[in-house]
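Below you'll find the structure, written out as structure tokens, and then a few comments.
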Amino acid sequence: MQDTERNEQELHRLEKLSLLRSAGVDPYPVSFDKTHDAAEILEKFSDSEADKFSSVTLAGRIMGIRRMGKATFCHIQDATGRIQIYLKKDDLGEWYEHQQQFDIGDIIGTSGYVFRTRMGEITLHATSLVLLAKSVTPIPVVKEELDESGNVIRHDAFADKEQRYRKRYLDLIVNPHIKQTFILRSRVISEMRRFFDARGWLEVETPILQPLYGGATARPFVTHHNALGVDLYLRIADELYLKRLIVGGFEGVYEISKNFRNEGMDKTHNPEFTSMEIYVAYKDYLWMMDMLEELISTIVTTLFASNTVAHQGTDISFARPFPRKKMSELFVEYTGTEVIGKSKEELIAIARATKVDVETSWSAMKLLDEIFSVKVQPNLIQPTFVIDYPVEMSPLAKKHRSSPELVERFELFINGKEIANAFSELNDPIDQRSRLEEQSAIRAAGDDEAMVVDEDFLHAIEVGMPPTAGLGIGIDRLVMLLTNCDSIRDVLFFPQMKPERL
RNA sequence: GAUCUCGUAGCUCAGCUGGUAGAGCAUGUGACUUUUAAUCACAGGGUCCAGGGUUCGAGUCCCUGCGAGAUCACCA
């Protein structure tokens with residue numbers, strides 16, 4: 001950026017930077033040894049044992065400065081929180097002069113002893129001070145105060161969602177409370193890994209760039225490999241590769257992966273999102289339901305020390321067992337009619353009778369899906385397994401052991417949202433081929449979300465896959481649920497945004 | 001993709017029926033050695049998202065575009 005494009009405040013900061021340099025101060029030293037964190041001092045300091053903190057070294061970003069002539073108070077923020085620093089001219093000598101050039105946003109290091117001010121705030125009395133990084137552009141100024149009951153009141157909060165998402169680093173600095181969401185996200189994933197690893201299942205990595213995409217019904221992103229001269233697709237699901245690994249002899253594999261779908265964006269959809277898929281040999285969907293129940297309730301109780309989580313005003317209970325309801329029963333319960341096995345025309349009539357908006361051009365599968373998502377899904381607030389789906393809706397699931405028009409599939413719904421999807425995997429190669437060919441026909445008829453035939457995948461299934469249970473979990477949605485967020489953008493550090501034209 | 005709302009100083013926001021652009025914080029100068037949304041005095045800071053139109057005159061009214069948020073539709 002040219003200096004002529006800089007605003008007044010930036011020019012002031014650049015001038016201070018050069019003043020500091022000419023006074024012999026290195027504004028960007030290479031490292032700094034800190035001994036404590038802010039939170040540690042605020043938690044452990046006591047007036048009777050002040051000598052425990054008679055020599056501490058802290059580092060952090062200046063978030064506020066109050067200069068009072070020959071004494072200055074500032075708050076610095078480190079990864080753990082904010083703490084006040086007391087700077088006194090008599091104690092700091094030339095560095096007291098240097099700090100006149102410090103601004104909100106600068107990163108400093110300081111040593112001294114901890115005391116409590118007349119106003120009662122635990123504070124570091126600095127006996128030495130250094131600059132660790134000069135900030136040359138202003139950050140949003142957010143002032144905080146505490147009300148009588150100790151709640152934080154923020155003034156002039158940095159609240160513009162667009163700017164917060166585009167400049168997440170600023171959001172994290174001035175709204176540090178949002179870090180909790182991301183820390184919890186990370187812990188959800190760690191707990192999941194710990195759970196799977198403890199059972200001996202192997203974390204694996206499969207291709208993101210794929211010559212053919214599959215494993216879900218969705219539109220893909222297309223990219224191009226120059227050396228090979230071929231188009232490649234960004235994966236929409238892990239499923240087909242993970243099953244190849246089960247064919248190859250692994251008996252439990254999982255992958256936590258970014259998937260990419262070239263579709264609309266809204267509160268619950270980002271073009272890239274994180275899912276976890278796991279496949280375990282010799283198991284079926286009933287076993288998988290037990291496993292998932294245990295997984296989710298383990299994560300919740302580990303992270304919250306409780307099996308209840310508050311989400312957008314509703315308490316969600318993760319106490320086992322979660323109810324298991326057949327899809328057909330739910331249809332009867334919420335629409336008053338049996339819908340499984342009905343013809344397209346009958347389904348349209350049922351939809352109209354129950355005030356569900358549908359189009360006559362839709363397939364039976366899409367009609368069922370629509371009626372389900374309008375009439376049934378919003379009622380599934382507490383964790384509920386929906387089991388036994390119509391075969392047309394699930395081209396990769398095994399036919400039900402007792403009803404050939406159904407498949408052995410379940411989805412876990414919480415707060416009206418699908419959190420997980422699983423089935424007894426289809427390992428009959430003849431059936432699998434005919435199901436993919438049906439998809440291919442639907443695709444040829446104009447549905448560009450239908451699956452394509454992957455001959456290599458079919459070959460793998462022909463080689464022989466053991467009976468296998470597979471599960472996918474939408475990590476972003478699970479995290480939204482557990483962090484009380486109603487937008488996927490709040491659980492992604494860098495949500496996809498339209499390019500900003502300046 | 002459709003509808004509604006929004007875009008003004010570094011940040012948060014005012015700006016009425018169209019008449020020379022406002023506040024608080026932040027910034028600069030000065031005072032102040034336990035302050036805390038520090039205080040007090042003075043000062044500087046704007047392509048009012050972009051481009052057209054109506055008008056003597058547009059931040060304001062109209063149109064188009066860009067970006068965002070909310071709601072709806074589709075997908076996880």
Side-chain angles (χ1 to χ4, degrees), chain A residues 6-13 15-16 63-75 82 84-92 96 100 103-105 115-121 123 125 135-147 152-166 170 174 215-220 236-237 259-275 277 357-359 362 366 369-370 373-374 411 413 417-421 447-449 472-478 480 486-489 497-502:
Chain A
R6 292 191 176 274
N7 65 39
E8 181 196 29
Q9 295 196 39
E10 291 171 330
L11 292 172
H12 280 133
R13 286 173 179 229
E15 194 183 326
K16 290 172 178 179
M63 299 305 289
I65 311 179
R66 290 177 295 284
R67 291 199 169 90
M68 302 174 52
K70 298 180 185 65
T72 292
F73 287 88
C74 66
H75 275 95
R82 282 187 194 190
Q84 181 167 257
I85 311 293
Y86 176 53
L87 309 173
K88 198 168 143 187
K89 184 171 185 179
D90 299 345
D91 296 327
L92 293 169
Y96 196 82
Q100 303 289 349
D103 290 290
I104 290 172
F115 74 112
R116 191 183 294 273
T117 64
R118 206 180 284 161
M119 301 300 291
E121 182 164 350
T123 300
H125 185 130
S135 165
V136 297
T137 192
I139 62 173
V141 178
V142 180
K143 297 210 170 189
E144 294 184 351
E145 68 173 323
L146 297 179
D147 67 9
V152 176
I153 301 171
R154 286 191 184 78
H155 298 274
D156 300 332
F158 180 55
D160 181 330
K161 287 202 164 194
E162 176 180 358
Q163 289 307 315
R164 291 181 52 202
Y165 295 142
R166 288 189 194 278
L170 288 180
V174 304
T217 51
R219 279 191 293 271
I236 59 171
N259 290 345
F260 306 85
R261 297 192 186 173
N262 205 342
E263 292 166 347
M265 292 162 53
D266 61 27
K267 261 192 187 182
T268 56
H269 297 85
N270 195 64
E272 59 181 288
F273 63 101
T274 303
S275 67
E277 288 192 31
D357 223 9
V358 295
E359 291 172 25
W362 290 2
K366 190 162 182 178
D369 204 31
E370 183 64 17
S373 51
V374 174
E411 290 187 298
F413 287 87
K417 307 271 164 43
E418 182 200 334
I419 297 294
N421 181 22
D447 184 349
D448 57 1
E449 287 181 3
I473 298 178
I475 298 291
D476 307 288
R477 291 187 176 179
L478 178 61
M480 285 166 66
D486 70 345
S487 170
I488 194 170
R489 293 184 158 189
M497 303 287 281
K498 282 194 192 179
E500 193 176 24
R501 299 246 166 74
L502 293 173

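Letters go in sequence order (proteins before strands), and every chain restarts at 1.
Under the 3.5 Å distance criterion, with hydrogens and angles disregarded, a donor-acceptor pair is assigned to the side chains of E145(A) and H155(A).
Atom CG of D90(A) and atom C1' of U34(B) are 13 Å apart (whole Å). The distance from atom CZ of R154(A) to atom C1' of C13(B) is 19 Å, rounded to the nearest whole Å. Following rounding to the nearest Å, Q9(A) (CD) and C25(B) (P) show an atom-to-atom distance of 14 Å. Across the protein-nucleic acid pair, L11(A) atom CG and G45(B) atom C1' stand 11 Å apart, rounded to whole Å. With rounding to whole Å, K70(A) atom NZ is found 13 Å from G30(B) atom C1'. Distance, N7(A) CG to A9(B) C1': 9 Å, rounded to whole Å.
With hydrogens and angles ignored, a donor-acceptor pair under 3.5 angstrom links the side chain of E8(A) to the base of G44(B).
Between K267(A) and U71(B), a side-chain N or O to OP1/OP2 separation shorter than 4.0 Å is present. Between R261(A) and C74(B) there is no side-chain polar atom (N or O) within less than 4.0 angstrom of OP1 or OP2.
G46(B) sits 27 Å from G30(B) when the C1' atoms are compared, rounded to a whole Å. Rounded to whole Å, the P atom of G59(B) lies 8 Å from the corresponding atom of A21(B). Look at the C1' atom in both G22(B) and A14(B): the space between them is 7 Å, to the nearest Å.
Comment: K143(A) does not engage D156(A) in a salt bridge, judged by the lack of any side-chain N to carboxylate O separation of less than 4.0 angstrom. With salt bridges taken as basic N to acidic carboxylate O contacts below 4.0 Å, none links E263(A) and R219(A).
Among the atoms of the strands shown, only primed sugar atoms or phosphate atoms (P, OP1, OP2) are found under 4.0 Å from some heavy atom of H12(A). No contact: T137(A) has no heavy atom under 4.0 Å from any strand. Across all strands, D160(A) comes closer than 4.0 Å only to sugar-phosphate atoms, never to a base (heavy-atom distances).
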Self-check item: Reading 5' to 3' through nucleotides 35-42 of chain B, protein heavy-atom contacts under 4.0 Å coded B for base, S for sugar-phosphate only, - for none
Solution: BBBB----
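Within the shown strands, nothing qualifies as a pairing partner of G44(B) under the Watson-Crick or G-U definition with both distances less than 3.5 Å.
Mapping A159(A) and E263(A) onto RNA chain B by nearest heavy atom places A159(A) closer to the 5' end of the strand.
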